[in-house]
Amino acid sequence: MYNNRENNIKPGNSENAIVPGGSIYGDERPMLEQILHLLETRVETLREKYRADDSDPVEHCLGRIKSERSMREKCRRRGLAETTESALQELHDAIGLRIVCAFVNDVYMMRDYMLSFDDVELVEEKDYIRRAKPNGYRSLHLIIRVQGKYYAEIQLRTISMDTWAALEHHMKYKKHVSGNTELLEAELKRCADELASTDLSMQTLRDMIRGEQSV
């Protein structure tokens, strides 16, 4: 989850050693927290600017440092040693930020804003909004490198995309699913497409309202 910082993890003593009971992040944990705080502060700074005229582009923003357990499990799945080097250089999601916006255009505005800083480099971008996954999942994923060293994953999506992803996650990870699995998957895809259509309609309505207000 994006609101779990797990601040009670003990730091390790060596960048590449596997320290039993220590942190896979070694001595870099405090710096990861600082980078996350920096990114969250940048989001909040922009929100404050837009709140002045009641046009906040962000519904909510959640940040997290990937938990010790999740990071170690991911290293194992990828066949990587459980080291700080693996966690911070081979894998790129130790720092995570999810930005949820009301409208599709705001998603892309936030994307441009988060990439506008001199200390941020875009490493990878996957646009699952314009090209949705086969199951209907929609979101914009960015991998960035901050200050030339620290990687972070940013997910940007609308409220409806976030709601669908949360519900799909709950159903996907149930231990026992009864009924026709193919039918369930088809219905999930249909719901995702309907929500995407609603997003476009709401964007059109907002553009119409703003156009009338500017006349």
message = Could you work out, with side chain to side chain contact (heavy atoms under 4.5 Å, CB included) as the rule, every residue matching Ala165, not counting sequence neighbours?
response = Tyr137, Arg157
inquiry  = Determine whether Asp119 and Leu38 satisfy the following criterion, side-chain contact (heavy atoms from CB on, under 4.5 Å), listing intermediate values before the conclusion.
reply    = CA-CA 11 Å; Asp119 61 352; Leu38 173 68; 3.9 Å; yes
request  = Could you tell me whether Glu28 and Lys149 make a salt bridge, using a distance below 4.0 angstrom between a side-chain N and a carboxylate O?
outcome  = yes
task = Check the hydrophobic clustering (I, L, V, M, F, W, Y; side-chain heavy atoms under 4.5 Å; chains of links allowed) and say if Leu142 and Val123 are grouped together.
result = no
ask   = Could you give the distance from CG (Leu122) to CE (Met114), rounded to the nearest 0.5 Å?
value = 12.0 Å
query = If two hydrophobic side chains count as joined below 4.5 Å and joins carry through other members, does Ile154 share a cluster with Met71?
reply = yes
request  = For residues Cys75 and Ser86, report the shortest heavy-atom separation together with the two atoms involved.
outcome  = SG-CB, 4.0 Å
query = Counting distance only, does the side-chain N/O of Gln155 pair as donor-acceptor with the main-chain N or O of Ser139 below 3.5 Å?
reply = no
task = Work out which heavy atom in Ser23 is nearest to a heavy atom in Arg72; give both atom names and the distance.
result = C-NH2, 4.1 Å
ask   = Any chance CE of Met202 has more than 12 other-residue heavy atoms, nucleotides or ligands included, within less than 6.0 Å?
value = no
ask   = Can you tell me how far the CG atom of Leu32 sits from the OH atom of Tyr150, to the nearest 0.5 Å?
value = 7.0 Å
key: Nearest non-hydrogen partners of Ala102 and Ile159, listed with the distance   = CA-CD1, 4.0 Å
inquiry  = Holding to salt bridge (charged side-chain N to carboxylate O under 4.0 Å, His left out), I want the full list of residues that pass it with Lys126, two or more places apart in sequence or in another chain.
reply    = Glu124
request  = Supply the atom-to-atom distance Gln89 CD to Arg145 CZ, rounded to the nearest 0.5 angstrom.
outcome  = 8.0 Å
inquiry  = Counting C-beta onward and ignoring hydrogens, is there a side-chain heavy-atom pair between Asp199 and Met161 closer than 4.5 Å?
reply    = yes
task = Mark yes or no for whether Arg111, through its side chain, and Asp106, through its backbone, hold a donor-acceptor pair below 3.5 Å.
result = no
query = Distance from Ile129 atom CD1 to Arg131 atom CZ, nearest 0.5 Å?
reply = 10.5 Å
Common cluster, Leu200/Trp164, ILVMFWY with side-chain heavy-atom separation under 4.5 Å = no
request  = For the pair Leu91 and Lys66, evaluate side-chain contact (heavy atoms from CB on, under 4.5 Å) and give the outcome as yes or no after the intermediate values.
outcome  = CA-CA 11 Å; Leu91 302 177; Lys66 196 174 190 71; over 6 Å; no
key: By salt bridge (charged side-chain N to carboxylate O under 4.0 Å, His left out) - contacts of Glu182 (at least two apart)   = none
Arg77: side chain to side chain contact (heavy atoms under 4.5 Å, CB included) partners, not counting sequence neighbours = Glu73, Lys74
inquiry  = Among residues at least two apart in sequence or on other chains, which ones pass side chain to side chain contact (heavy atoms under 4.5 Å, CB included) with Glu187?
reply    = Leu183, Arg190
message = Would you say Met31 ends up clustered with Tyr151 if hydrophobic residues are merged whenever their side chains have heavy atoms under 4.5 Å apart, either directly or through other cluster members?
response = no
ask   = Given Asp162 and Glu59, is the side-chain contact (heavy atoms from CB on, under 4.5 Å) satisfied, shown in steps?
value = CA-CA 11 Å; Asp162 192 54; Glu59 178 65 23; over 6 Å; no
request  = Enter the distance from His37:NE2 to Arg42:CZ here, rounded to the nearest 0.5 Å.
outcome  = 11.0 Å
query = Nearest heavy-atom pair of Ile65 and Glu33: which atoms, and what distance?
reply = CG1-OE2, 3.7 Å
request  = Output all residues satisfying side chain to side chain contact (heavy atoms under 4.5 Å, CB included) with Ser55, sequence neighbours left out; order by chain, then residue number.
outcome  = Tyr50, Asp53, Arg210
inquiry  = Taking Asp93 first and then Arg78, would you say they form a salt bridge - that is, a charged N and a carboxylate O separated by under 4.0 Å?
reply    = no
inquiry  = Phe117: which residues meet the ring pair (Phe, Tyr, Trp, His ring centres under 6.0 Å) condition with it, sequence neighbours left out?
reply    = Tyr113
ask   = Between Asn105 and Arg206, what is the shortest heavy-atom contact and its length?
value = CB-NH2, 4.2 Å
key: Lys/Arg-Asp/Glu bridge criterion (N-O < 4.0 Å) met for Asp193, Arg138   = yes
task = List in chain and number order the residues that pass salt bridge (charged side-chain N to carboxylate O under 4.0 Å, His left out) with Glu44, two or more places apart in sequence or in another chain; answer none if no residue qualifies.
result = Arg51
ask   = Is Arg47 reaching over with its side chain to a backbone N or O of Val58, donor-acceptor style, under 3.5 angstrom?
value = yes
request  = Measure the OG-CG distance between Ser116 and Leu46 for me, rounded to the nearest 0.5 Å.
outcome  = 9.0 Å
task = Tell me, please, which residues at least two apart from Tyr108 pass ring pair (Phe, Tyr, Trp, His ring centres under 6.0 Å).
result = none
Residues which pass salt bridge (charged side-chain N to carboxylate O under 4.0 Å, His left out) with Asp127, listed by chain and number, not counting sequence neighbours = Arg130
ask   = Do Arg76 and Glu82 have side-chain heavy atoms sitting under 4.5 Å apart?
value = yes
All pairs passing ring-ring contact (aromatic ring centres under 6.0 Å, His included) where residues 54-88 contributes a residue, at least two apart = none
message = Is there a side chain to side chain donor-acceptor pair (under 3.5 Å) between Asp207 and Gln203? Walk through the geometry before answering.
response = CA-CA 6 Å; Asp207 292 344; Gln203 181 68 62; 3.0 Å; yes
ask   = Are side-chain heavy atoms of Leu39 and Ile144 found at a separation under 4.5 Å?
value = yes
Side chain proximity check, Leu80 to Glu85, heavy atoms < 4.5 angstrom = no
request  = Output all residues satisfying ring pair (Phe, Tyr, Trp, His ring centres under 6.0 Å) with Phe103, sequence neighbours left out; order by chain, then residue number.
outcome  = none
message = Can you tell whether the side chains of Lys189 and Glu185 come within less than 4.0 Å, N to carboxylate O?
response = no
task = Would you confirm whether Glu121, through its side chain, and Gly148, through its main-chain N or O, come within 3.5 Å as a donor-acceptor pair?
result = no
query = What's the shortest heavy-atom distance between Met110 and Pro57, and which atoms?
reply = SD-CG, 4.1 Å
query = What's the verdict on side-chain contact (heavy atoms from CB on, under 4.5 Å) for Asn135 and Leu188, showing C-alpha distance, side-chain angles and the deciding distance?
reply = CA-CA 7 Å; Asn135 67 347; Leu188 277 170; over 6 Å; no
key: Single-linkage hydrophobic cluster, 4.5 Å side-chain cutoff, Leu156 and Leu97 together   = yes
